[in-house]
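What follows is one structure encoded as structure tokens, with my remarks underneath.
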Amino acid sequence: MIFLGETMRTFYIFKINKEFKTITKNKPYNLFLALDNIHSMDSENLSLAYRLFDSICDRPNVKELNLSIFNELKDTDYYIKFNNNHLINNYYTTENSKLTVNKTYMKLKSTLNNPTFFKTLKNIPNLFVIDFSSKDYFWLS
């Protein structure tokens, strides 16, 4: 359970297509700028934002991704899964994290800067993580 008053970070995790990863692998700032611009576009430019997003990102296979995460963590005492939501409530490390798998991206809210889900997702290629509020970004895989 995520408690009120805890400092939470919100990470957005995108599956970047191979061509765009090749172009931005050594200059992740350019990828961050592109996704940040899409994130901050107003509703007037919604169709442009969708086209730009589709040119940069691949859509994850939600069912396969949920199953992969579940299989990795199912024997862990502090893990719970419900539909497309994966929760970690580890009282020993004070981690409270919620990973939601959407059709176009994953959203991770956590009390830690380096949540357990990062380790779980590390084997999936071309994942790029952004915390838009703190302007933090990095390649996960």
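Here, residue 1 is the first one in the sequence, and each next residue gets the next number.
Between P115 and I88 the shortest side-chain heavy-atom distance does not fall below 4.5 Å. Using a 4.5 Å heavy-atom threshold, the side chains of I69 and F117 count as touching. Proximity of L65 to N84: side-chain heavy atoms (C-beta onward) are nowhere separated by under 4.5 Å. A 4.5 Å side-chain heavy-atom check between L31 and F14 finds every atom pair outside the cut-off.
For the atom pair CG of N17 and OG1 of T22, the computed distance is 8.5 Å after rounding to the nearest 0.5 Å. For the atom pair NZ (K18) and NZ (K25), the distance works out to 13.5 Å, reported to the nearest 0.5 Å. Residue T7 holds its OG1 atom at 11.5 Å from CG of L112, rounded to the nearest 0.5 Å. Residue N96 holds its CG atom at 7.5 Å from OG of S110, rounded to the nearest 0.5 Å. Atom OG1 of residue T24 and atom CD of residue E19 lie 11.0 Å apart, to the nearest 0.5 angstrom.
In terms of the side-chain contact (heavy atoms from CB on, under 4.5 Å) criterion, residue partners of T93 (sequence neighbours excluded) are, by chain and number, N90, E95. Judged as a side-chain contact (heavy atoms from CB on, under 4.5 Å), and not counting sequence neighbours, the contacts of T100 are N85, K98, N102. With sequence neighbours excluded, the residues that form a side-chain contact (heavy atoms from CB on, under 4.5 Å) with K27 are N30.
The hydrophobic cluster containing L33 also contains L35, counting ILVMFWY residues as joined when their side-chain heavy atoms lie under 4.5 angstrom apart, directly or transitively. Residues F128 and F132 fall within the same hydrophobic cluster, defined by Ile, Leu, Val, Met, Phe, Trp and Tyr side chains chained together at heavy-atom separations under 4.5 Å. Follow the hydrophobic side-chain contacts under 4.5 Å out from I38 and you reach F20 in the same cluster. By the criterion of side-chain heavy atoms lying less than 4.5 angstrom apart, applied directly or through intervening Ile, Leu, Val, Met, Phe, Trp or Tyr residues, I16 is grouped together with Y29 in one hydrophobic cluster. Residue L48 is grouped with residue Y105 when hydrophobic side chains (ILVMFWY) are merged at heavy-atom distances under 4.5 angstrom, including chains of intermediate members.
The side-chain hydrogen bond (donor to acceptor under 3.5 Å, both in side chains) analysis of residues 72-83, with sequence neighbours excluded, yields the pairs Y79-H86.
Aromatic ring orientation, F11 versus F118: perpendicular (interplanar angle above 60°, classes split at 30° and 60°).
A pairwise comparison of heavy atoms in V129 and I13 identifies CG2-CG1, 4.1 Å as the closest pair. Across every non-hydrogen atom of T94 and T111, the tightest pair is O-OG1, 3.0 Å.
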N/O donor-acceptor pairs under 3.5 Å from side chains in residues 134-141, not counting sequence neighbours:
residue: S134; atom: OG; partner: R9; partner atom: NH2; Å: 3.2
residue: S134; atom: OG; partner: D131; partner atom: OD2; Å: 3.0
residue: D136; atom: OD2; partner: R9; partner atom: NH2; Å: 2.9
residue: S141; atom: OG; partner: I124; partner atom: O; Å: 2.5
residue: S141; atom: OG; partner: N126; partner atom: N; Å: 3.1
residue: S141; atom: OG; partner: L127; partner atom: N; Å: 3.0

Let me have the donor-acceptor pairs involving side chains of residues 54-62, under 3.5 Å, with sequence neighbours excluded, atom names and distances please.
residue: D54; atom: OD1; partner: R59; partner atom: NH2; Å: 2.8
residue: S55; atom: OG; partner: L52; partner atom: O; Å: 2.7
residue: N61; atom: OD1; partner: K63; partner atom: N; Å: 3.3
residue: N61; atom: OD1; partner: E64; partner atom: N; Å: 3.1

